[in-house]
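As structure tokens, the structure follows; a few thoughts come after it.
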Amino acid sequence: MRMISEELKQKLATPLKIGDLEVKSRVLQSPLSGVTDLVFRRLVRKYAPESMLYTEMVHASRLHHVKKLPKIMEVDPQERPISIQLFDCRPNFLAEAAEKAVKEGADTVDINMGCPVNKITKNGGGSSLLRQPEIAEEIVRSVVKAVDVPVTVKTRIGWNDEEINILDFAKRMEDAGAKMLTLHARTRAQGYHGQARWDWIKRAREVLSIPVIANGDIFSVDAALRCLEETGADGVMCSRGTLGYPFLVGEIDYFFKTGKEKSPPTVVEKLECAKEHLRGLWEYKGERGIYQSRKHLAWYAKGFPGAGELRDRLTQVQSVEEGCELINGAIDLTINNL
Ligand SMILES: Cc1cc2nc3c(=O)[nH]c(=O)nc-3n(C[C@H](O)[C@H](O)[C@H](O)COP(=O)(O)O)c2cc1C
């Protein structure tokens, strides 16, 4: 039996307000490059009908000359609320890209100021903006001016342990017009290692008036509740916990709304979901979808007898038929062992 404070109960009973936008869920699906395409989001949406979902990050200046938007910006009319995430370091390109994102159907535009990848930071984007707060401010101001949907920022607590500047940085983002801040509570130097430092989320929550979304190590309902109690954050965002498990956001949302545990999917349900994912990728992306499906399928194949062997074979899958056959074999085996 989980104990929840009265304060948290009340918070969970009210919608999340991002500027003028009301979102009826306080658990969000994070942007994940190479993962949160339309196909993955459809699966998440099935279990979390009211949560805010994010596209993969989109390189803003790459949109400057193109007539047709890249597939990663494509949004289903039914999948709202949806945020399109952009990255770059040039305010004018970001503003222009944000206009395109809104035309595509984005309910909010999120600016990535947290990506640790060298290729991005050496060009001034992602988490390197933590070291250039004036440019980050200018970016937010330009994008806010360009679009009439809320502009939000996702960032980290600092560049490294010697440069944890999130409190000043977050305030600057709010003052520049950001309507929500998602904080991945690690430094850039940490990458994805070590524990997320939720104490910084609490401190950021204390200095800001806009909603603060806690991100980092939200892998379960318990973690989500503990994080909200400890930090006072306005919501949680799930990331790696959803790899091969698009049920997580829905599970947490269900608990937030009902106070009851949703029974976790059975092995067979997870494997059926893997097949749906594979078929979706094939239909949406063709051959490329099959190659991309391999990592997803490997993530699904864990936690049951024979999972290791299945995983090895799924990482080499060449076609939908082959993938489905392998998964069907595992389903039969699971049912026979019940
Ligand atoms: C494969 C992968 C891709 C990611 N892509 C993005 C991205 O496109 N945009 C972004 O803001 N963060 C991205 N992130 C960071 C996550 O959204 C999240 O901030 C981070 O994983 C911390 O949460 P966790 O500890 O729950 O995984 C990515 C992380 C992973 C593992």
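By convention here, the first residue in the shown sequence is residue 1. Every number for a ligand or one of its atoms is a count from 1 in the order of the listing.
- The immediate protein surroundings of ligand 1, defined as residues with any heavy atom under 4.0 Å of it, consist of S30, P31, L32, S33, M57, Q85, N112, K154, H184, R186, Y192, N215, G216, D217, I218, S239, R240.
- For E309, there are no side chain to side chain donor-acceptor pair (under 3.5 Å) partners two or more places apart in sequence or in a different chain.
- When the salt bridge (charged side-chain N to carboxylate O under 4.0 Å, His left out) test is applied to R311, no partner is found at least two apart in sequence or on another chain.
- Residues satisfying the ring-ring contact (aromatic ring centres under 6.0 Å, His included) criterion with F304, sequence neighbours excluded, are absent altogether.
- Under a 4.0 Å N-O distance rule, the pair D217/R240 qualifies as a salt bridge.
- Under a 4.0 Å N-O distance rule, the pair E174/K179 does not qualify as a salt bridge.
- Under a cut-off of 6.0 angstrom, the local environment of NZ in K24 is sparse, with at most 12 non-hydrogen atoms contributed by other residues, nucleotides or ligands.
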